[in-house]
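Have a look at the structure below, then the notes.
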Protein chains: 2
Amino acid sequence: MKRKITLKQIARELDVSVSTVSKALKDSDEISDDTKQKIQAFAKLYNYKPNNIALSLKNRKTKTIGVIIPEIVHYFFSKVIQGIENIALKHGYNVIIGVSNESFDNEVINIETLANGSIDGFILSLSKETLQKQDYHHLNETISQGMPVVLFDRVIDAIVCDKVIIDDINGAKEAIELLISKGCKRIAIITTEDYISVGRLRLEGYLRALNENEIESNDDLILKVDDRYESEDRLDLLDTAIERLLVNNPGIDGVLAVNELYAVSAMRVARKLGCKIPDEIQVIGFTNGVLSRHATPGLTTVAQNAQKIGEKAADLLIKRLETEQEEESYETSVIDTRLVIRESTK
Amino acid sequence: MKRKITLKQIARELDVSVSTVSKALKDSDEISDDTKQKIQAFAKLYNYKPNNIALSLKNRKTKTIGVIIPEIVHYFFSKVIQGIENIALKHGYNVIIGVSNESFDNEVINIETLANGSIDGFILSLSKETLQKQDYHHLNETISQGMPVVLFDRVIDAIVCDKVIIDDINGAKEAIELLISKGCKRIAIITTEDYISVGRLRLEGYLRALNENEIESNDDLILKVDDRYESEDRLDLLDTAIERLLVNNPGIDGVLAVNELYAVSAMRVARKLGCKIPDEIQVIGFTNGVLSRHATPGLTTVAQNAQKIGEKAADLLIKRLETEQEEESYETSVIDTRLVIRESTK
DNA sequence: ATTGATAACGCAAACGTTTTCGTGTTGAAA
DNA sequence: TTTCAACACGAAAACGTTTGCGTTATCAAT
């Protein structure tokens, strides 16, 4: 086993100084051609590569981006990571992933362990628990220590930094408008509790669309799902809640769900209740993921361009990292949504 | 903005030496109680945290695990990462992710940039292109440099290291046995090309099960899907291939697919051809992911315990990292599969 | 008064780089 | 022969830690 070789070892072996080796490998013209060739050949032979850690310490930058997401087994988030990876790789950055599992404590721990020199900046989406507690001191502290942060998807005004979001209001509004144009009169929405911004905003879009089309909104048609129903072993509770919605409110002919899971669950429940999709009920979801694509019938969805979100977030972060000046003007980038029509709408 | 504080700054501020600060913060009894309290209080006030990079350089270990996967937007791989993250966090390790996108070159680049001191060890699954080229020099080199490596899922004998796999042969065999016990007489398999080990092994299990049950195998019933059909915009080609399989071989009453995508595609095509599932054709897939759970009908699958694979891989790696001695005996851990019965089988 | 122990701290090296600033050697010009 | 560039290289500091060892000062014991 031949361990990695260092400048010092090369220097000793070739009987020159460490600085000579360093310069020779950088092709400095301080060093004679003879010596350079000798050193370069030797380095190549032993496959010398500079030690990243030493470089990081010296340069005070790690060329590494920290990404903290609530959940990794999730089409949207993994697609965002893919976007981040793309851009990062292109600029010579590595990506280190932390998963908060929707827990505030995990988020804090992840941030704290990464913020001590391991990374140059953060890209993150807040955990549900953090949103609920409305405690952002950990983020504001790392930001005030000069660590650049880019927030995406689940963002919050109280944190001042670059942000990447989608136009949730408009995405939902367009979806509802599609349903209306397809003849829906009684449209329900399956959303999250209000503290999750995307749920709140999509509900807002739903209400606006109804309002603009002079359809009276009805609280009975608004189902705010308890988070806890989202875990894999609580699907029955989600189904029950949806079933209650459909049974208690006969005549529902359109459903907007704020994520894939809610949407396919709605379709499953509707089918169970004997409703034809899209003939009797039309369904639209959010996130054009694998579920939407392979559901039966195929699910019409509001595509979020998750990959683009990741790319934009990485762009913003890297731009801030590479331009030293501390611009105190932060950018919020809005990524457009796109309706993908499939068979769950007419 | 208050930047992170260092030992040196504390030392200067309190008019002591750096080493005194360091020792005081470690509660060394070389330092008087007075000084310790003063220093500790000051450090706490300024929220001192040791710089990870400096520690890494000094200790020659980074407490970071490098994970390289072929694809991140993928239930199986993201679930494996979740398992790795769990264990890593528990042992104070960070996880840095590289995505090869099934490309040999990307795999090499990822490994090389991470191997230069950024990480203590690798966990990885080989890219398809690497498997095809059968070129493993990059891995064998990093291993020979003393970098611990754990391979999972797509493993290869030519690389000598710890490995974590599932019992593909047996998993497939049990699936086929289930189909046979449910009355299937003419069972097809939708698998990958042979160079992908999991496809090859599952085919092997299929053949063994047929053999043991004295059913003659038939090459016409073995569909080896071209990789390129797997991308999101090539789904029609996959469907066409499956359709050809079903149309050219009437009487197929059972299908084993080596992944979720192939399985739901098979169901979609079968339904399109007017076949009832599971009455006329029963289908079993691999990977108990979100597709299997939410397909209609629910897909019976061979669950791979992806999270357990990740946990085991992380365990193996960390064990090797923490026990310094260079044991030259490598372990191959086999994670058991589990049949999850749903409505796509009788 | 001398010795020796002990307490409390600082020095310096080490991890692997890069880079600034010498320094010694050569050769040519004066 | 002296002087001065130019050339080729080395020493050392710096990044932020940790740690073995050396160095004081104090005080008790002889």
Side-chain angles (χ1 to χ4, degrees), chain A residues 3-40 42-43 46-64 92 113-120 145-146, chain B residues 3-40 42-43 46-64 92 113-120 145-146:
Chain A
R3 294 221 165 255
K4 292 210 75 69
I5 198 170
T6 69
L7 286 187
K8 191 190 287 192
Q9 295 172 36
I10 299 183
R12 195 181 312 142
E13 215 62 40
L14 262 44
D15 213 48
V16 290
S17 78
V18 173
S19 33
T20 303
V21 179
S22 176
K23 290 169 186 167
L25 293 179
K26 298 203 120 48
D27 233 357
S28 157
D29 46 24
E30 265 187 272
I31 309 295
S32 73
D33 287 344
D34 285 6
T35 321
K36 276 199 281 195
Q37 282 188 10
K38 193 176 57 177
I39 292 178
Q40 286 170 2
F42 190 91
Y46 282 90
N47 192 27
Y48 169 80
K49 296 276 169 53
N51 180 299
N52 280 334
I53 297 293
L55 285 180
S56 294
L57 185 58
K58 178 135 220 344
N59 301 332
R60 288 128 140 273
K61 53 176 84 172
T62 61
K63 283 275 189 179
T64 303
T113 66
L114 291 183
N116 299 124
S118 301
I119 60 158
D120 295 341
Q145 285 177 350
Chain B
R3 294 222 166 255
K4 292 211 74 73
I5 198 170
T6 70
L7 286 187
K8 191 190 287 193
Q9 295 172 37
I10 299 183
R12 194 182 313 141
E13 216 63 39
L14 263 44
D15 212 48
V16 290
S17 78
V18 172
S19 35
T20 302
V21 179
S22 176
K23 288 168 184 167
L25 292 179
K26 297 201 123 47
D27 235 356
S28 156
D29 45 27
E30 265 187 272
I31 309 297
S32 72
D33 286 344
D34 283 7
T35 321
K36 276 199 281 193
Q37 282 188 8
K38 192 176 56 175
I39 294 178
Q40 287 170 1
F42 190 91
Y46 282 89
N47 192 26
Y48 169 79
K49 295 277 167 54
N51 180 300
N52 281 333
I53 297 293
L55 285 180
S56 295
L57 184 59
K58 179 132 219 342
N59 302 331
R60 286 130 139 268
K61 54 175 85 173
T62 61
K63 282 276 188 177
T64 303
T113 65
L114 292 184
N116 298 125
S118 301
I119 59 157
D120 295 341
Q145 284 176 351

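Throughout, protein chains are lettered first and strands after them, A, B, ... in sequence-line order, and every chain is numbered starting at 1.
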Could you tell me whether the phosphate oxygens of D:dT17, OP1 or OP2, come under 4.0 Å of any side-chain nitrogen or oxygen in B:Lys8? no

In whole angstroms, the gap separating C1' of D:dC7 from CG of A:Asp34 amounts to 13 Å

Please give me the minimum heavy-atom distance between B:Ile39 and B:Leu25, naming the atom from each residue. CG2-CD2, 4.0 Å

Heavy-atom pair with the smallest gap, counting every atom of A:Lys63 and A:Asp120: N-OD2, 2.7 Å

How large an angle, rounded to 10°, do the end axes of the helix from C:dA1-D:dT30 to C:dA30-D:dT1 enclose when each is built from five base pairs? 90°

Tell me the interatomic distance from B:Asn52, atom CG, to D:dC15, atom P, rounded to whole angstroms. 18 Å

Would you say that more than 12 heavy atoms from the other residues, nucleotides or ligands in this model lie under 6.0 Å from the OH of B:Tyr46, or not? no

Between B:Ala24 and B:Ile31, what is the shortest heavy-atom contact and its length? N-CG1, 4.0 Å

Could you check how far CG of A:Asp120 sits from P of D:dC15, rounded to whole Å? 18 Å

Could you give the CD1-to-C1' distance, from A:Ile5 to C:dC15, as a whole number of Å? 16 Å

For atom CG of B:Asn51 and atom C1' of C:dC15, their distance in whole Å: 13 Å

Under 4.0 Å protein heavy-atom contacts per nucleotide of nucleotides 18-26 of chain D, with B for base, S for backbone only and - for none: BBBB-----

Answer yes or no: does a side-chain N or O of B:Thr35 lie under 4.0 Å from OP1 or OP2 of C:dC9? yes

Rounding to an integer number of Å, can you tell me how far B:Asp15 CG sits from C:dC9 P? 12 Å

Which nucleotide sits closest to the side chain of B:Ala54: D:dT17, C:dG16, D:dG10? D:dT17

Please find the pair of heavy atoms, one from B:Asn116 and one from A:Pro50, that lie closest to each other, and give the distance. CB-O, 3.6 Å

Validation row: A:Glu13, A:Ile5 side chains within 4.5 angstrom (heavy atoms): no

Between B:Ser32 and C:dA8, is there a contact of a side-chain N or O with OP1 or OP2 at under 4.0 Å? no

Value in whole Å for how far the C1' atom of C:dT19 lies from CG of A:Leu57: 15 Å

In terms of heavy-atom contacts, does CG of B:Asp27 have more than 12 from other residues, nucleotides or ligands at under 6.0 Å? yes

Least distance between heavy atoms, A:Lys4 atom then A:Gln9 atom: O-NE2, 4.1 Å

Between atom NZ in B:Lys4 and atom C1' in D:dT17, what is the gap in whole Å? 15 Å

Can a side chain N or O of B:Arg60 be found less than 4.0 Å away from OP1 or OP2 on C:dA14? no

Quick check: closest heavy atoms across A:Ala54 and A:Asn51, and the distance to 0.1 Å? N-OD1, 3.0 Å

